[in-house]
Structures are given as C-alpha cells and as structure tokens.
2 protein chains.
Amino acid sequence: MASSVPTKPPTAADVATLAGVSKATATRALGGYGRINEETKRRVLAAANQLGYHPNAAAQTMNTGRSGSLGIVARGITNPVWPVAFQGMVDAARLQGLAVLFAGSGFEVSEERKAIRLLLGKQVDGLIVSAADRRDVEHLQRITAVGTPLVLWERRVPGLDAPVIEADMRQASSELTRRLLDLGHRRIGFVSSLAMPQAAYSIGAELPASIIQDKVEGLFTPFSEAGIAPPVDLVRFPERDRDAIAAAYHSLLDGPNPPTALIASDSQIAETMLDVVRSRGLRIPGEVSLAMYDDLSWARLVDPPLTVIAQPDYDMGKCAAELAMNPAGASTLPSFSARLILRGSVGRAQD
Amino acid sequence: MASSVPTKPPTAADVATLAGVSKATATRALGGYGRINEETKRRVLAAANQLGYHPNAAAQTMNTGRSGSLGIVARGITNPVWPVAFQGMVDAARLQGLAVLFAGSGFEVSEERKAIRLLLGKQVDGLIVSAADRRDVEHLQRITAVGTPLVLWERRVPGLDAPVIEADMRQASSELTRRLLDLGHRRIGFVSSLAMPQAAYSIGAELPASIIQDKVEGLFTPFSEAGIAPPVDLVRFPERDRDAIAAAYHSLLDGPNPPTALIASDSQIAETMLDVVRSRGLRIPGEVSLAMYDDLSWARLVDPPLTVIAQPDYDMGKCAAELAMNPAGASTLPSFSARLILRGSVGRAQD
DNA sequence: CTGAAAGCGCTTACAG
DNA sequence: CTGAAAGCGCTTACAG
C-alpha cells in the first residue's frame with residue numbers, strides 16, 4: 001500500500017540535475033525538440049525514467065498556448081446515439097495524443113456560454129459545439145475571434161464562419177414520405193422536442209434547430225412536388241419530457257382528421273410514440289405506420305421492427321474532431337448522407 | 001463575420017494597467033481572494049469587462065496545482081447505460097465549476113496507462129477510473145502516490161486503497177435465480193464478454209472483473225442454498241463481438257442438456273441473445289426465459305418485455321464525481337443496490 | 001488595502 | 001550541441 005505522503009512530483013529541473021545537464025538541455029531531450037546529442041539525450045531520458053518524470057502539461061500550455069486537449073460542448077448526452085459520435089471524437093483525439101475536455105450545456109444557452117468560457121480558459125486546441133440555439137451566437141463568435149478552431153455539430157448557425165458536421169436529412173426524409181405517399185398515406189404526423197408547444201408550424205418557418213427544419217422540410221417536399229397540401233397541422237414541438245411528448249401524440253391521434261403515419265424526430269421520442277400507439281391498441285402498420293430518426297439497435301428488436309433514418313454517427317464524430325484539431329487539413333467539408341432503412345413498421349395506409 | 005487576425009487575449013496585467021492598479025491588486029479583484037477595497041474591485045472588474053478578460057487556466061493551474069477539471073478514464077462508452085452515469089459525473093462537476101477531462105482506454109490496459117498519464121499530466125483534481133483489468137494496477141497506484149484522489153468505477157481492484165462506486169449485484173442476482181428456481185428452472189445460462197472463450201467456469205474462480213464475478217456468484221448462491229448443483233457448465237465468456245456472443249448462445253442451446261433460462265450480462269449481449277433465441281424460433285418465455293442486466297428503455301418495448309436488473313447509474317455517477325472532487329467529504333462510502341424488475345420474459349420452465 | 005517581487009515548470013530565442 | 005536568461009500569466013508571501 002504505502003500511499004504515504006504524496007511527494008511532489010519531479011520536475012525537468014530535477015531531471016537535469018540528476019543527468020548533470022542544464023534545464024534547457026534536459027527539456028530539449030525530454031520534449032524531443034531542438035538539436036541534441038544522442039548520448040546526452042540517452043542520459044537525460046534515463047534520469048527521467050529513474051525519477052518517474054512526467055511533464056507538467058499546465059506549464060507546457062502556458063508556453064505554447066496549446067493545451068493538448070479538444071473541447072466538446074454538447075447540449076445533451078442522453079440521446080443514445082451520442083456515445084457513438086463521442087467515441088468517434090475521442091478516438092480521433094487519442095490518435096493525435098489529445099485528451100477530450102467535455103462540458104454539457106443541458107440545452108441552455110446560458111450554460112453553453114459558461115461551458116465555452118470554461119473550455120476556452122483552458123486553452124483547448126479546438127472546439128466542437130452542438131449549439132443550443134441558432135439565434136444566440138455572440139459567445140460562439142468569441143471562439144473564432146480568439147483563434148480557436150470551431151466546428152459546429154449538427155446545427156448550422158447563421159452568421160458564423162465555422163464548418164458544420166451534419167448528415168443531409170432532407171433527401172432521406174423525402175425518400176421516407178415519398179414511400180409513405182406511395183403507400184397511400186396523406187396524413188403524416190411529426191413530433192420533435194423543440195419546447196415550442198404552442199407553435200403552429202408553417203412551411204419555411206424558421207426553427208431554432210437547423211436539423212429539425214431540414215427534417216420537416218425534407219418530409220414535406222414530396223407533398224409539394226405531388227401537388228398535395230403538406231399536413232402542416234400534424235407537426236408538434238412539445239417540451240422534452242415524456243408526458244409532453246405523449247400528449248402531443250395523443251392530440252394528433254385525437255384530432256378530427258388523424259394521421260395514418262407517425263414520425264419521431266429521435267429515438268427517445270419514438271419510445272413514447274410506441275407507448276402511445278400501443279396503449280391505444282392501434283395495430284402497426286395496419287392502423288398506423290411508424291418511423292423514427294436514428295438507427296438504434298432496438299429498432300430491429302421491437303415488433304414490428306421500426307423503419308428508421310440512419311446517419312454515420314461515428315464517422316461524423318471522428319471527422320468533427322479531426323477538423324477541430326486541424327482546420328487546415330480538409331480543403332472541402334465532407335458530406336454525410338442519411339439513409340432510409342425500411343422495416344415492418346411502415347405499411348399501406350388504411351382505406 | 002470579421003474573424004480577422006486572432007488578437008492575443010488580454011491578460012491580468014492589461015486589466016491592471018487599464019484600471020490603474022498593480023497586477024497583484026488586479027488579480028486579487030479578479031480572483032476574489034485576499035483583502036481588497038470595494039471601489040478598487042469595481043474599477044478592476046469594469047476594466048476586465050471592457051477588455052473581455054478571461055483568466056488563463058493554465059497559468060492558474062501552474063500556481064495552484066489545481067486544474068479545475070475532473071478526469072475520467074473509461075474502458076468503453078458504447079454501453080448505452082454509460083451516458084447516464086456520465087451525465088451524473090458531468091453534472092456534479094459542473095456544480096463545482098469543474099470541467100470533465102475524458103480519455104477512453106478501449107478495454108486495453110496499455111491505453112489505460114497512457115490515458116492516466118495524459119490526465120495526470122494535466123493535473124486533474126480527481127480521477128474516476130473504470131479499470132480494464134484488476135490484475136494490472138501499478139499505474140493506478142501512481143495516481144494516489146502523487147496525491148490525486150482516485151475513485152474506482154464498478155470494478156474493485158485488490159491492493160488499491162481507493163473507494164469503489166458500485167451497486168451490489170449479488171443480492172439482486174440471487175433474487176433473480178431464486179425466482180427462476182421457483183419457476184422450475186434448473187438449467188440457467190449466463191453470458192458475459194470477458195474475452196476468455198476457453199475458460200470453464202468454476203465457482204469461486206477469480207475473474208478479471210469483480211462486477212462479473214459478483215453477478216455469477218450471486219446467481220449461483222440460491223442453487224447452493226437449495227442444495228442444487230449450480231449449472232457452472234452454462235457460463236460463457238466470449239469475445240466482445242456479436243458473432244462470438246451469438247456463437248456462445250448457440251453453443252449453450254445446442255448442448256446435451258440445454259438451458260431453460262438465459263441471462264445476459266449487459267444490454268448489448270442481450271440484443272444478440274434475443275436475436276439468437278428468435279432465429280431459433282424459441283417461444284419466450286414458453287421455451288426459454290430471458291433476463292438481462294441494465295434497465296434500458298427498450299427492455300419494455302420488446303415482446304415480451306424483458307426482465308432486468310437495474311442500478312442507479314445517474315446517482316452512482318454523481319457520487320463518484322463528488323467523491324473524486326472531495327475525498328474527505330464522505331466519511332462512509334454510500335452503498336447502491338441493484339433491483340430486480342420482473343417482466344414477461346420470465347416464466348415457468350418447460351416440463 | 002496595495003505593491004514589488006519571487007516563483008510555479010516549462011519553452012524559446014540568443015550566445016557561445 | 002549546450003547553457004544562461006527571459007518569459008508565458010498567474011498566485012502568494014512579504015513589506016509597507
């Protein structure tokens with residue numbers, strides 16, 4: 001055991017003394033920079049090893065301005081696809097020897113501001129931000145102003161000169177409704193938690209999250225193309241909690257002209273959607289067809305298996321990290337495409 | 001737009017000059033320490049605000065030895081319960097104004113060693129480690145040796161004087177098999193990915209992960225109590241991949257005296273278990289009863305809903321972080337209990 | 001209450 | 001190739 005008194009860790013000066021060289025020479029050997037004699041280097045490294053030396057990153061950061069860490073600010077992490085994207089970021093960071101500094105914003109701009117201040121103070125070498133609100137961006141501009149590379153995650157922010165990593169939601173969404181139209185569906189409901197319970201959606205309306213806007217507009221495009229009025233009255237943006245989401249689905253199904261197909265903006269909403277549909281005893285897809293965004297493994301495990309729109313989360317996460325660590329590296333921003341995966345939960349409309 | 005040339009951010013010295021005070025006075029006002037005149041403080045803060053001053057955390061760290069960050073080293077993060085625990089840690093850290101420094105080990109001790117070195121170099125104020133292997137601990141001892149508070153996540157490591165945050169798996173596990181015994185089950189199979197495909201399990205065997213050992217031994221206790229030989233031949237420790245897990249379940253079901261109940265050590269294993277059972281056309285629970293560890297939301301959504309053993313991941317994560325940030329704070333280590341949730345996937349044994 | 005100065009542990013020109 | 005010295009941006013005794 002012998003945890004004893006925590007002894008002060010050895011510094012480069014200690015190593016230098018033991019090796020009988022100057023501090024400058026020691027750190028040159030240790031850091032692998034500058035010119036240095038091979039034999040001297042060996043001696044220094046031996047001394048470092050003997051003492052169990054490890055450089056103090058804070059001191060290095062102060063000199064170089066680089067912290068050796070990648071900052072990530074996320075709105076929420078309980079969405080089960082997040083770990084996959086996060087894993088991509090972490091892996092990319094590890095390959096460059098960087099650690100990941102994480103701070104959550106909990107969907108609040110005020111928290112996001114604090115988180116960014118915190119990470120910027122820690123001199124992160126790059127920052128990935130999943131912005132809470134596209135309309136509030138001053139604090140984001142500060143990031144690029146101080147010269148820290150910024151990458152936006154899945155949400156475009158107008159007026160901000162930063163690359164956005166996102167999958168193209170429009171095309172896959174259109175593909176889904178085109179398929180539903182073919183199957184005779186005209187009344188298609190869409191629910192996303194944007195915490196705007198009152199809002200009546202109208203086409204082209206500016207939504208706080210670009211990705212949601214892309215989804216809705218992508219879903220409605222085939223209607224317009226086919227000369228059919230899109231069911232804008234079946235769009236709901238409830239609060240983030242289960243009850244509110246359930247209420248939204250019930251209100252859709254209780255309406256005068258209820259939907260024959262329901263789409264959930266993410267898997268957490270889909271769970272509630274399934275609960276509601278089952279609690280009402282509706283047959284799937286006999287009485288109502290279902291689909292959700294994000295291809296979680298359980299989508300295959302429920303009965304019938306759920307139709308989903310998938311995106312390459314891991315690759316996107318990796319790409320975001322690489323771009324944040326090395327902004328000059330990519331001349332053109334890679335594009336990621338979402339993909340419709342049809343499963344048993346989608347079928348012909350009733351009647 | 002106007003990203004222009006990234007101007008060097010203002011320092012405390014700049015603020016001091018603008019406010020017409022010394023550097024020491026300025027930092028005292030800014031940092032809120034030491035004695036200081038209210039009016040002077042106001043002037044300094046105004047100057048700081050005007051310049052957009054933010055302290056350089058690296059410099060602060062060098063002086064104080066505290067980095068204002070909590071380190072977390074995890075074996076893997078793709079287990080879907082991880083975000084919940086992580087959220088607890090992040091929330092606790094945020095309450096103390098700390099950021100979270102994350103590094104993954106990918107289940108490799110060598111990577112774990114690197115990750116710990118990286119985070120220790122960054123002077124984390126506390127460290128939570130989900131150890132990859134209980135038998136390899138020197139690098140963990142170094143953590144406490146340098147005086148950094150260490151908290152172990154869900155895995156006890158012998159010879160290490162550090163608190164362990166874990167739920168008691170034995171009791172809930174025993175409760176599960178007791179129930180299964182009542183229902184007439186004698187042949188109960190258990191699969192966990194420990195990457196020891198050859199190993200034949202025997203009671204009391206030292207496993208690389210304490211939590212798995214607790215689960216198995218907890219499951220088998222009621223057998224011994226009832227004077228029934230535990231089905232040690234139905235324990236499998238395949239590699240972490242889907243195919244290996246599927247092969248393990250097939251091998252159990254193909255055996256001469258196959259199990260009537262199957263238990264998965266986590267939800268990812270359970271997905272494959274479900275696939276295998278369904279692909280073989282076995283009725284649940286008519287021909288085989290199923291259960292898994294971790295109460296993921298989809299467990300309720302499959303048909304029949306899965307019996308699970310749940311643990312308070314969020315609270316455990318929060319507690320781990322609090323303990324790592326303030327080791328003196330808790331006089332006694334809180335205990336967390338796992339809980340059996342019986343659902344339709346468990347029924348009477350056939351015959 | 002305030003200031004001058006030393007120091008935290010490195011890196012980086014600048015001489016030699 | 002190596003060393004002495006200054007400096008990164010703070011904090012912290014020590015005087016006053």
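Throughout, protein chains are lettered first and strands after them, A, B, ... in sequence-line order, and every chain is numbered starting at 1.
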Give a yes/no on whether any side-chain N or O of [X] is located under 4.0 angstrom from OP1 or OP2 of [N].
X       : N      : answer
A:Gln60 : C:dT11 : yes
A:Tyr33 : C:dT11 : yes
B:Thr40 : C:dT2  : yes

Problem set entry | Salt-bridge present (A:Lys318, A:Asp315; N to O < 4.0 Å) |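 Salt bridge between A:Lys318 and A:Asp315, a charged N being under 4.0 Å from a carboxylate O: no.
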
Problem set entry | CD (A:Glu138) with more than 12 external heavy atoms under 6.0 Å |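 Counting other residues, nucleotides and ligands, CD of A:Glu138 stays at 12 neighbours or fewer.
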
Do [X] and [Y] come within less than 4.5 Å of each other through their side chains, counting heavy atoms only?
X        : Y        : answer
A:Leu45  : A:Leu30  : yes
A:Thr11  : A:Asn56  : no
B:Leu150 : B:Leu160 : yes
B:Arg94  : A:Leu118 : no
B:Arg155 : B:Arg75  : yes

Atom [atom1] of [X] to atom [atom2] of [N]: distance rounded to whole Å?
X        : N      : atom1 : atom2 : result
B:Gln123 : D:dC10 : CD    : P     : 18 Å
A:Asn37  : D:dT2  : CG    : C1'   : 10 Å
B:His54  : D:dG9  : NE2   : P     : 15 Å
A:Leu51  : C:dG9  : CG    : P     : 14 Å

Exercise. In residues 12-30 of chain A, which ones come under 4.0 Å of DNA chain C, going by heavy atoms?
Worked result: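 Residues of residues 12-30 of chain A under 4.0 Å from DNA chain C: A:Ala12, A:Lys23, A:Ala24, A:Thr27, A:Arg28.
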
Could you tabulate the donor-acceptor pairs under 3.5 Å formed by side-chain atoms of residues 76-88 of chain A, not counting sequence neighbours?
from, atom 1, to, atom 2, distance (Å)
A:Asn79, OD1, A:Val81, N, 3.0

For this session: Output the single nucleotide from C:dC10, C:dT12, D:dG9 whose closest atom is nearest the side chain of B:Asn56.
Result: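 Selected nucleotide: D:dG9.
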
Exercise. Quick one: on DNA chain C, does B:Glu38 or B:Met62 contact a more 5' nucleotide (nearest heavy atom)?
Worked result: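 Nearest-nucleotide comparison on DNA chain C picks B:Glu38.
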
Problem set entry | Contiguous Watson-Crick or G-U pair runs (3 or more, under 3.5 Å) in DNA chain C |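 Stems for DNA chain C, defined as runs of 3 or more consecutive pairs: C:1-3 with D:14-16, C:5-12 with D:5-12, C:14-16 with D:1-3.
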
For this session: Using the side chain to side chain donor-acceptor pair (under 3.5 Å) rule, pick out the option among A:Lys114, A:Glu112, A:Arg117 that qualifies with A:His139.
Result: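 Of the listed options, the one satisfying the test is A:Glu112.
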
Exercise. Quick one: does B:Asn63 reach the base of D:dC10 with a side-chain donor-acceptor pair under 3.5 Å?
Worked result: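 Under the 3.5 Å cut-off, the side chain and the base do form a donor-acceptor pair.
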
